[in-house]
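When a residue number appears, it is its place in the shown sequence, counting from 1.
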Amino acid sequence: MEAEASPPLGSPPCCLRFRRPGIYEDEKGRTWVTVALRISPSHRAWGRGSPGSTHEISITVYMWQMPVHPQTPRFPSHLLVFGLPLKWELYPGQRYQATDSRLWEIVDHGQINSMEQLILKRLPSGSR
């Protein structure tokens, strides 16, 4: 899925809370479904003039706001492996802060056909 800018909507959700694997709920009780997850390695230098580099996983999550059938919640351990947090809170500067304090950039918040879409990309550790 290529991130193509979509028509802007109002403000993105203030908070997204884990409900079950792939499903989050916002402050208005609307459900957001993880429809795609892009995971790829990235390389970045530790500092200026540093001969070493570190490998960090780049994660981009694509979510659509849509109703889902209620179901008993399950423990989210397998999602934590992929780096998805239990909760995101809106943070200044078009970003979310996750429960692990990592920041996620809002790549897009718009509409595709009749679906509201939210695309988030995890920023490198140490980003502020």
All side chain to side chain contact (heavy atoms under 4.5 Å, CB included) counterparts of [X], not counting sequence neighbours:
X: Gln65; answer: Arg30, Trp32, Glu116
X: Thr60; answer: Arg38, Tyr62, Ile119, Lys121
X: Ile106; answer: Pro12, Leu90, Gln94, Tyr96, His109, Leu118, Leu120

Would you compute the distance between atom [atom1] of [X] and atom [atom2] of [Y] and round it to the nearest 0.5 angstrom?
X: Thr31; Y: Trp64; atom1: OG1; atom2: CH2; value: 13.5 Å
X: Ser125; Y: Leu103; atom1: OG; atom2: CG; value: 10.5 Å
X: Tyr24; Y: Leu16; atom1: OH; atom2: CG; value: 8.5 Å

Stepwise, does the side chain to side chain contact (heavy atoms under 4.5 Å, CB included) test hold for Arg17 with Leu86?
CA-CA 6 Å; Arg17 287 185 176 82; Leu86 295 176; over 6 Å; no
Donor-acceptor pair, side chain of Asp100 and main chain of Arg102, under 3.5 angstrom:
yes
Given side chains that start at C-beta, do those of Ser58 and Arg122 come closer than 4.5 Å, heavy atoms only?
no
With side chains defined as the heavy atoms from C-beta onward, is the minimum distance between Ile59 and Trp104 less than 4.5 Å?
yes
As a test of understanding, state which of Leu84, Val35, Val107 forms a side chain to side chain contact (heavy atoms under 4.5 Å, CB included) with Val61.
Leu84
Results of salt bridge (Lys or Arg N to Asp or Glu O under 4.0 Å) for Glu89 - residues two or more places apart only:
Lys87
N-O pairing of Glu105 and Arg95 below 4.0 Å
no
